[in-house]
Amino acid sequence: MNGELGSATARPGSGEFERDVHAVARLIPPGRVTSYGAIARYLGAARSSRMVGWAMNRALDADPIDTPQVHPVPAHRVVNRLGMLSGRLHFPTPTAMAERLMAEGVEVRDDRVVDFDAHFWDPSTEL
DNA sequence: AACGTGACCCTAG
DNA sequence: ACTAGGGCCACGT
């Protein structure tokens, strides 16, 4: 048995960057949205926007059991720089992302945030 | 262990 | 205006 406490969970994906991404994502106010690039820039890794996407993916995959209530990572509030819901297919259903946004008052049409600029929340500016 | 693939973004032709 | 390619780095095969 891997008597080791934490080391057993020496999980490869929980790097600092990923945690920081989750932390920032949690700060996105309901009804607002931001982009992968904006988060990456805020964290000083402007060219790692792709990794932000992976971090979001991970957030959804995370075991609800492994992490009791430490989950409020609003992945639905992160879209690409054009306001398109490029990650929708990773949600339980293809429409879940749009539905969650709509529930917060963010209008979505054709998998795209309507009036993106008005809803855009830039951590570098707002934080 | 190298290779391809991604919830991206920017620059250049 | 449109297409192509580079950079980034974690993951699955």
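Chain naming here is simple, since letters A, B, ... match the order of the sequence lines and numbering starts at 1 in each.
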How many angstroms lie between CG in A/L43 and CD in A/E18, if you round to the nearest 0.5 Å?
12.0 Å
Would you kindly give the CH2-to-P distance between A/W54 and C/dC11, to the nearest whole Å?
7 Å
Closest to side chain of A/R58, choosing from C/dC9, B/dA7, C/dA10
C/dA10
What integer distance in Å separates A/H22:NE2 from B/dA7:P?
15 Å
Base, sugar-phosphate, or nothing: which does A/A55 touch, judged by heavy atoms less than 4.0 Å apart?
nothing
What integer distance in Å separates A/L43:CG from C/dC8:P?
17 Å
Is any side-chain heavy atom of A/V108 closer than 4.5 Å to a side-chain heavy atom of A/V114?
no
Does any N or O in the side chain of A/R100 come within less than 3.5 Å of the main-chain N or O of A/H76, such that one atom is a donor and the other an acceptor?
no
Pairwise P distance for C/dG5 and B/dG4, with rounding to whole Å
15 Å
Send over the distance from A/F17 CZ to C/dC9 C1', rounded to a whole Å.
9 Å
Contact state string [nucleotides 8-13 of chain B, B base, S sugar-phosphate only, - no protein heavy atom under 4.0 Å]:
BSS---
What is the distance, to the nearest angstrom, from the CE atom on A/M51 to the C1' atom on C/dC8?
6 Å
Applying salt bridge (Lys or Arg N to Asp or Glu O under 4.0 Å), run through A/E104 and A/R32 and close with a yes or a no.
CA-CA 8 Å; A/E104 295 181 355; A/R32 307 290 298 281; over 6 Å; no
Looking at the side chain of A/N57, which of C/dA10, B/dA7, C/dC8 is the nearest nucleotide?
B/dA7
Sub-3.5 Å donor-acceptor pair from the side chain of A/S35 to the main-chain atoms of A/A38, do we have one?
yes
What interatomic distance, in whole Å, is found between C1' of C/dG6 and the corresponding atom of B/dT5?
16 Å
Near A/D115 CG, under 6.0 Å, is it more than 12 heavy atoms from other residues, nucleotides or ligands?
yes
